[in-house]
Amino acid sequence: MKINVESCTMIAEWAWDVKEGDDVCGICHSAYDGCCPNCKRPGDDCPLIWGECSHVFHLHCILTWFQSSTRGENCPMDRKPWQTAKAPLE
């Protein structure tokens, strides 16, 4: 039996498997208080970096993103040009 499909409507839905309130890196999906997949221990060796767009990533994840991205240095979440947020004055 042969079937000819005359039309098709594609529907897709996706979501990160993250519980509300969990803070995870938008690139590697590891917890902020953990470390990126390339590091063995969290802490100073795997710092977080904030963007002006309010997105936060592990430093190593965002650097890898910039090296592999064909879109230049844009935020992986909203695709706006990346600007590192200034440190707050204490």
Side-chain angles (χ1 to χ4, degrees):
M1 177 176 193
K2 187 174 182 181
I3 298 174
N4 290 326
V5 177
E6 293 181 12
S7 69
C8 179
T9 303
M10 302 299 291
I11 299 174
E13 180 179 333
W14 66 272
W16 301 122
D17 188 19
V18 178
K19 297 175 188 157
E20 189 172 329
D22 285 353
D23 292 326
V24 296
C25 174
I27 298 172
C28 71
H29 304 271
S30 296
Y32 289 141
D33 60 356
C35 59
C36 70
N38 298 326
C39 292
K40 295 180 180 165
R41 291 181 300 216
D44 293 338
D45 292 336
C46 193
L48 298 177
I49 186 164
W50 280 259
E52 289 288 331
C53 58
S54 76
H55 293 119
V56 183
F57 307 98
H58 293 112
L59 177 62
H60 302 127
C61 293
I62 195 74
L63 291 176
T64 302
W65 171 265
F66 291 153
Q67 291 172 352
S68 64
S69 177
T70 58
R71 299 176 187 221
E73 293 188 355
N74 293 336
C75 175
M77 302 299 283
D78 59 21
R79 305 287 194 237
K80 293 179 183 174
W82 179 263
Q83 292 291 322
T84 303
K86 295 180 176 125
L89 298 174
E90 295 184 39

Asker: Any side-chain heavy atom of Trp82 sitting closer than 4.5 Å to one from Phe66?
Answerer: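 Side chain of Trp82 against side chain of Phe66, heavy atoms only: contact under 4.5 Å found.
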Asker: Over all heavy atoms of both residues, which pair between His58 and Cys25 is shortest? Give the atoms and the distance, please.
Answerer: ND1-CB, 3.4 Å
Asker: State the CG-CD distance between Asn74 and Gln83, to the nearest 0.5 angstrom.
Answerer: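 Interatomic distance, Asn74 CG to Gln83 CD, rounded to 0.5 Å: 10.5 Å.
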Asker: May I have the list of side-chain donor-acceptor pairs in residues 48-57 shorter than 3.5 Å, sequence neighbours left out?
Answerer:
none

Asker: With rounding to the nearest 0.5 angstrom, report the SG to CG distance, Cys35 to Leu59.
Answerer: 13.0 Å
Asker: How many angstroms lie between atom SG of Cys46 and atom NE2 of His60, to the nearest 0.5 angstrom?
Answerer: 5.5 Å
Asker: If you measure from CD1 on Ile27 to CG on Leu63, what distance do you get to the nearest 0.5 Å?
Answerer: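 Going from the CD1 atom of Ile27 to the CG atom of Leu63 covers 9.0 Å.
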